[in-house]
Amino acid sequence: EEGTVDDVFIHTQSEAGRRLFGILPQESEEDPDLPTLRIVFDGASVDKPVIATLIKDYGIMVNIFSANMKHLGGRTYGQMIIEKPSDPLALTTLVNYLEDQGLTVKEVNNQ
């Protein structure tokens, strides 16, 4: 049934379930101890190179610390941890762009 994987991914409450879908690091040490953003891919289409487009179209360089993605049924599930831009305008542009692409962006280790 269409949407079944999306529903399971979005509504997964257990830590084990979130690890299965790659939305929690396997070990806490995977999160760098500096300001980062967690981008959650919760069923985004795999045919959009969102990070490459962000860099190309907006000139915002993205430092990727980790990525854990699963591709199921032509959709992407998982997370990416990137360095939080120090420039407020770049941060706003980045977050707005990613959210416009249907992704969830959360601050991690905000310092």
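Heavy atoms only: backbone and side chains are in, while hydrogens, waters and symmetry mates are out.
Listed by chain and residue number, Ile51, Met61, Val62 satisfy the side chain to side chain contact (heavy atoms under 4.5 Å, CB included) test with Ile55 (two or more places apart in sequence, or in another chain). The side chain to side chain contact (heavy atoms under 4.5 Å, CB included) search around Ala90 returns Ile60, Pro85, Asp87, not counting sequence neighbours.
Residues Met80 and Phe41 approach most closely at CB-CE1, 4.0 Å, considering heavy atoms.
Ile39 is not listed as a side-chain neighbour of Ile81, based on a closest heavy-atom distance of 4.5 Å or more. Side-chain contact check for Leu37 versus Leu91: some heavy-atom pair is nearer than 4.5 Å. Residues Thr36 and Phe65 meet the side-chain proximity criterion, which asks for heavy atoms closer than 4.5 Å.
Rounded to the nearest 0.5 angstrom, Gln79 CD and Lys70 NZ are separated by 10.5 Å. The structure places CZ of Arg75 at 8.5 Å from CG of Asp42, a figure rounded to the nearest 0.5 Å. If you take NE2 on His71 and OG1 on Thr76, they are separated by 5.0 Å, rounding to the nearest 0.5 Å.
Under the side chain to side chain donor-acceptor pair (under 3.5 Å) criterion, the residue pairs touching residues 56-65 are Asn63-Glu83, with sequence neighbours excluded.
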Which atom pairs, donor and acceptor, lie under 3.5 Å between side-chain atoms of residues 95-106 and protein residues at least two apart or in another chain?
unit_1: Asn96; atom_1: ND2; unit_2: Thr92; atom_2: O; d: 3.3
unit_1: Tyr97; atom_1: OH; unit_2: Val50; atom_2: O; d: 3.2

